[in-house]
Amino acid sequence: MRFTQLLIPTTKEAPSDAVLPSHIYLTRAGYIQSIGSGLYNFLPLGKRVLDNVRQVAKEELDKAGCQEVDLAFVTPASLWEESGRFEKYGKELLRFKDRKNNDFVLGPTHEEMMVNLVRQTVKSYKQLPINLYQIKTKFRDEIRPRFGLMRGREFLMKDGYSFAASEEDMKGDFDLMEQTYSRIFERLGLDYRIVEADSGAIGGSGSKEFMVIADSGEDTIVICDSCDYGANIEAAQRAVVCTEAEEPEISMSSKFKTEGVKTIEALSAFFHVDPYYLVKTVAMKALYDEGESKIVLFALRGSDKLEETKACNAVGANELTEASEEELLSEGLVPGFMGPHALPEGSTIVYDEGLREGKSLICGANETDYHFVGFDLRGVEAAYHDLVAVQAGDGCPRCSGKLKHTKGIEVGHIFQLGTQYSAPLHAEFLDENGKSKPFVMGTYGIGISRLLAAIIEQHHDDKGCIWTKASAPFAVHIIVSNIKKEEEREAGEKLYETLQSKGVQVLLDDRKERFGFKMKDFELIGIPLAVVIGRNLTEGKVEIVTRDGLVKEEIEAAEIVNEVLRRL
RNA sequence: CGGGGUGUGGCGCAGUCUGGCUAGCGUGCUACCUUGGGGUGGUAGAGGUCGCAGGUUCAAGUCCUGUCACUCCGACCA
């Protein structure tokens, strides 16, 4: 395509609210345009990249035997009522009524729709397994959209669903999708990591996330420095902690006056005891369906930190929020001196696994200015769950390596769903024995539009975008230095025609602009390879420039076509 | 939802505190000239209901009330 005919509104200045490189460069280079909170227009360049990413995903999925479908974006609320998510999904689900006053929602994900499709059309085990997907606009009315394409309200997502006759077959589908996703992200040129994940609201038994490693990522992931273990912090495990700290010598169990000592640090200093032997008690307010809530306590070693997602799962709550001081007092709890000892009647407390069989502990006495020394959990019946946030330096649960934290952008998430949706929606098939059984499902997502942002987060410099080969809007960018020089213009046109005839996607900058101006735009737009036709043409030479690293090389003009083809 | 901020030509901003005449600046845009390997220089132009509604005043971008939108931090979130 010719630059003069394309809508590529590049700008020198970034939008004032943009923070991330991907947001800044995609806007400045004319890929996207913000049109409202979390809403973006894709301009010609952006649309080309989006199509490329989509194409890579489609090719690999089709190769894996998945079938593409396209379900309605506007979906009847009745399906959502059937699955129970019409109420549960909350305000993220955009609801509205049609002229007949019927309820509808804009699809934020399509489990209900897909299950409905399959239960109406698939009746026999002979038709299984089947894997259906679509690449389609989704709408989630996010509380706080931000970071450009990273967290929009309207976005493009690939969502796939597998239906199998057995748990075992479903796991096969799941593994196949893991491999397929890996190929997709590899082809796109991304540095990513597959990590174990919390299943969140979607539910199911096992899930893995595909994380693009980038400092600007919103998720914290834990990875091992010597094996390939990786997990979202929400689900990360660690090797059993063995402390070298000396166990305090405690001969009796009793209350101890600890005036004004409210924090773990202060307590540790007060008793000269390692935090490992202190009990940290965290109170949270757990929210449940239909507005119900209660105060719950989580106990862990003073040396550990509470991971909220794990805590939330441990008590089966929808979410956890901070409990106010008044709420604690009304429950008979004493902020600053809470502990598992002498709890008020009816309190809910969950212990971290790390405290199992713990002894010689010091905890709050639930009395102002008092702690309890000699707390002992040996032989005590209690609820134990993994509650800790893995910290950098902890041991890997798989090998002898050390864990460290890094940031990642979630671009894919695969779930083993089981019968979580098929059972309540009565999506069943007949097995070999003529028995009715619910489908065993898996669900798989890729954030297609988010991938554009992820690619740039990982591939940019201080001048602009650096697209990977598979994602770039064009393969080659021809820069005619001075369009008014007839021989330069002609050489550019000829190269443009020749490359196009060989099927290469080419952008020809035929604008009447100065050289520097055009180079800046090339750097901003970020096509991987440029050919500069300029002053050395009189000596029969042109220049080839790689966007990554901006390496320049002089080439004989006669050889340029071959050289370009060689580098694609 | 809690706490801040901002709405003024396409974009980025000043002006508002302390009301006053044709609302400025940079950039972009149009035309012509100039320049031609790193966002040339110049001349002349086009382009604004100052977010919206109401109020105070002789007079409102500026003061008051309400409202909407956007945005940042937090909480939340395949």
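Sequence lines set the chain letters: A, B, ... in the order given, protein chains first and strands last, and positions in each chain run from 1.
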Look at all strands and tell whether [X] reaches a base, only sugar-phosphate, or nothing, counting heavy atoms closer than 4.0 Å.
X	value
A/Glu513	base
A/Glu488	nothing
A/Ile446	base
A/Phe210	nothing
A/Ser37	sugar-phosphate

Taking the side chain as every heavy atom from C-beta outward, state whether A/Ile544 and A/Arg567 have any atom pair closer than 4.5 Å.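 Of all side-chain heavy-atom pairs linking A/Arg567 with A/Ile544, at least one is under 4.5 Å.
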Using a 4.5 Å cut-off on heavy atoms from C-beta on, say whether the side chain of A/Val411 contacts that of A/Tyr181.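 No, their side chains stay 4.5 Å or more apart.
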For A/Arg514 and A/Gly38, take the nucleotide of RNA chain B holding the closest heavy atom to each; which residue's nucleotide lies nearer the 5' end?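 That would be A/Arg514.
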Which residue lies toward the 5' end of RNA chain B, A/Arg28 or A/Glu410, if each is placed at its nearest nucleotide?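 Closer to the 5' end of RNA chain B: A/Arg28.
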How are the rings of A/Phe104 and A/Phe96 set relative to one another: parallel (under 30°), tilted (30 to 60°) or perpendicular (over 60°)?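 Correct class here is parallel.
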Phosphate OP1/OP2 of [N]: any [X] side-chain N/O under 4.0 Å:
X	N	value
A/Arg144	B/C76	no
A/Arg146	B/C73	yes
A/Ser34	B/C70	no

Backbone of A/Glu142 reached by a side-chain donor or acceptor of A/Glu92 within 3.5 Å: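 No; zero donor-acceptor contacts below 3.5 Å.
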Suppose you measure atom C1' in B/G66 against the same atom in B/C25; what distance do you get, rounded to whole Å?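 It works out to 33 Å between them.
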Any idea which of B/C77, B/G39, B/G26 is nearest the A/Glu13 side chain?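 That would be B/G26.
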With the side chain of A/Phe415 defined as its heavy atoms from C-beta on, choose the nearest nucleotide among B/A75, B/A78, B/C70.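 The answer is B/A78, which lies nearest to the side chain.
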Scan residues 524-555 of chain A against RNA chain B and write down, sorted by residue number, each residue with any heavy atom closer than 4.0 Å; if none is found, say none.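 RNA chain B contact set from residues 524-555 of chain A: A/Val532, A/Gly534, A/Arg535, A/Glu543, A/Lys552.
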Both conditions, 6.0 Å and 45 degrees, for the charged tip of A/Arg153 above the ring of A/Tyr40: are they met here?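 Not flagged: A/Arg153 not positioned over aromatic ring of A/Tyr40.
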